[in-house]
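Quantities reported herein were computed from a predicted structural model and do not represent experimental measurements. In what follows, chains carry the letters A, B, and so on, assigned in the order in which the sequence lines appear, proteins first and then strands, with residues in each chain numbered from 1.
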Amino acid sequence: MHHWLMKSEPDVFSVTDLARRPRRQAPWDGVRNYQARNFLRAMKKGDLAFFYHSSCPAPGVYGIVEIAREAYPDPTAFDPASEYYDPKSTPAQPRWFMVNVRLKRVFRSPALLDAIRNEKSLRAMQLVQRGSRLSVMPVTAREWKTILKLTGEKNK
DNA sequence: GCCAACGTTGGC
DNA sequence: GCCAACGTTGGC
């Protein structure tokens, strides 16, 4: 099993929004970066990912989602009315993909970016690398555990 | 709102 | 294939 981190702006889509969806499940659409897309395509059903809130007053990891469906073409790329529209992506030759995620846990106490930056053992994390802006990235098993520790919750 | 860092585009 | 210009991300 692999671990991941997925960013979303909570104004657009938050952990709470996901909690309100039927079966707490939703497609993770709108990724328009090749490296992030490649990570999406590497995800396996059952993989776990941190749900990260970005561009907000308190950026950080707010919960855990499970990959409920592996990568398939992102239909928002085909829709001229969508803000994620990309005419270079067609149903015959899709360029952008998405997975479905299911909310597993919302942290009572999130692992804030500030705390992540202050944690020495997380200095190598891709998230905190200078200039790193990827919205989907892998997380090592060790990083996963350390972040869980920052939330004060135990791994099951 | 600022700005550093990075990705993409397009002229040549 | 180079690279300047431009757009985007995302913390602050």
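At the phosphate of dT9(C), neither OP1 nor OP2 sits under 4.0 Å from any side-chain N or O atom of Lys7(A). One finds a side-chain N or O of Tyr52(A) lying less than 4.0 angstrom from the OP1 or OP2 phosphate oxygen of dG11(C).
Between Asp74(A) and Arg32(A) there is a salt bridge, since a side-chain N of the basic residue sits under 4.0 Å from a carboxylate O of the acidic one.
When the C1' atom of dG7(C) is taken as reference, atom CG of Asp86(A) falls 15 Å away, rounded to whole Å. Atoms CG (Asn33(A)) and P (dT8(B)) sit 6 Å apart, rounded to a whole Å. What separates CZ of Arg133(A) from C1' of dG11(C) is a distance of 12 Å, to the nearest Å. At whole-Å resolution of the value, CG in Leu113(A) and C1' in dT9(C) are 14 Å apart. Across the protein-nucleic acid pair, His53(A) atom NE2 and dG11(C) atom C1' stand 16 Å apart, rounded to whole Å. A straight line from CG of Asp114(A) to P of dG10(C) spans 18 Å, rounded to a whole angstrom. Met137(A) has its CE atom 13 Å from the P atom of dC6(B), to the nearest Å. Rounded to a whole Å, the CG atom of Leu134(A) is 16 Å from the C1' atom of dG11(C).
Screening Tyr34(A), Tyr84(A), Phe78(A) for a ring-ring contact (aromatic ring centres under 6.0 Å, His included) with Trp96(A), the sole residue that qualifies is Tyr34(A).
With dG11(C), dT8(B), dT9(B) as the candidates, the nucleotide lying closest to the side chain of Tyr34(A) is dT8(B).
In this structure, Arg32(A) reaches neither bases nor backbone, as no heavy-atom distance under 4.0 Å exists between it and the strands shown.
Hydrophobic clustering, with ILVMFWY side chains joined whenever heavy atoms are under 4.5 angstrom apart, groups Phe51(A) together with Leu48(A).
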Assess the residue pair Asp79(A) and Thr76(A) against the criterion (side-chain hydrogen bond (donor to acceptor under 3.5 Å, both in side chains)); give the C-alpha distance rounded to whole Å, side-chain angles, the decisive distance to 0.1 Å, and a yes or no.
CA-CA 5 Å; Asp79(A) 177 7; Thr76(A) 64; over 6 Å; no
